[in-house]
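A short worksheet on the structure shown next.
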Amino acid sequence: ISEQFMLLEAPTGRAAPVIIHAIYRSKLPASAFTNASDLSTAQTTASGPFMGGTLTYSSAMMTGPQQSTGSVTGAIVAHFDGLAPVTLPAPPSTQANLNVS
């Protein structure tokens with residue numbers, strides 16, 4: 001089980017680069033992520049020094065054999081490099097995609 005959270009900072013000028021902040025953790029216990037076999041629901045719990053919280057996913061429709069799109073409730077608080085804590089998802093965005101492989 002692995003978790004990845006990304007934050008993209010929009011450019012401020014016409015030729016400004018996009019700044020990407022990322023947190024990636026692997027080898028998490030199986031309890032960190034659970035999902036229904038039909039991908040109708042899922043839940044992930046983030047923990048550790050760089051993130052914490054829980055997201056619950058509800059599918060709106062299947063978009064592939066092991067993919068669905070839907071929405072999330074709950075929040076993950078991520079502590080990216082040098083930034084104040086960031087709550088994900090940032091309201092009003094609650095759209096999410098689930099890919100299981």
Side-chain angles (χ1 to χ4, degrees):
I1 302 288
S2 62
E3 295 176 329
Q4 180 175 355
F5 297 95
M6 297 181 75
L7 173 67
L8 303 174
E9 290 189 68
T12 56
R14 202 173 169 157
V18 173
I19 299 170
I20 301 172
H21 301 274
I23 297 172
Y24 178 81
R25 292 185 62 205
S26 62
K27 299 182 182 176
L28 298 172
S31 61
F33 179 83
T34 58
N35 65 281
S37 60
D38 63 358
L39 303 186
S40 60
T41 61
Q43 183 171 339
T44 186
T45 302
S47 63
F50 300 105
M51 58 187 144
T54 300
L55 290 176
T56 301
Y57 173 84
S58 295
S59 174
M61 68 178 188
M62 294 297 294
T63 56
Q66 293 188 315
Q67 300 176 336
S68 68
T69 186
S71 61
V72 292
T73 57
I76 299 289
V77 176
H79 301 273
F80 292 100
D81 52 359
L83 300 177
V86 176
T87 300
L88 305 168
S93 175
T94 59
Q95 183 177 359
N97 296 310
L98 176 62
N99 300 299
V100 176
S101 55

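Along the sequence shown, residues are numbered consecutively beginning with 1.
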Problem set entry | Path from I19 to I23 over hydrophobic side-chain contacts below 4.5 Å | no
Exercise. Given S68, which of D38, L39, T41 fulfils the side-chain contact (heavy atoms from CB on, under 4.5 Å) condition?
Worked result: L39
Exercise. Closest approach of L88 and L55, non-hydrogen atoms and distance?
Worked result: O-CD2, 4.0 Å
Exercise. For Q67 and M62, which heavy atoms make the closest approach, and how far apart are they?
Worked result: O-CE, 3.3 Å
Exercise. When clusters are formed by joining ILVMFWY residues with side-chain heavy atoms under 4.5 Å apart, either directly or through shared neighbours, do F50 and V77 land in the same one?
Worked result: no
Seminar exercise, completed: Rounded to the nearest 0.5 Å, the CG atom of L7 sits from the CD1 atom of I20 at a distance of 10.0 Å
Problem set entry | Flag side-chain contact, heavy atom, 4.5 Å: T69 against Q95 | yes
Problem set entry | Polar side-chain atom of T44 near backbone of T56 as donor-acceptor pair, under 3.5 Å | no
Problem set entry | Pairwise distance CD1(I76) to OG1(T45) - rounded to 0.5 angstrom | 7.0 Å
Exercise. Out of curiosity, L98 CG to F33 CZ, how far, rounded to the nearest 0.5 Å?
Worked result: 5.0 Å
Exercise. So how far is it from N97 CG to S59 OG, rounded to the nearest 0.5 Å?
Worked result: 10.0 Å
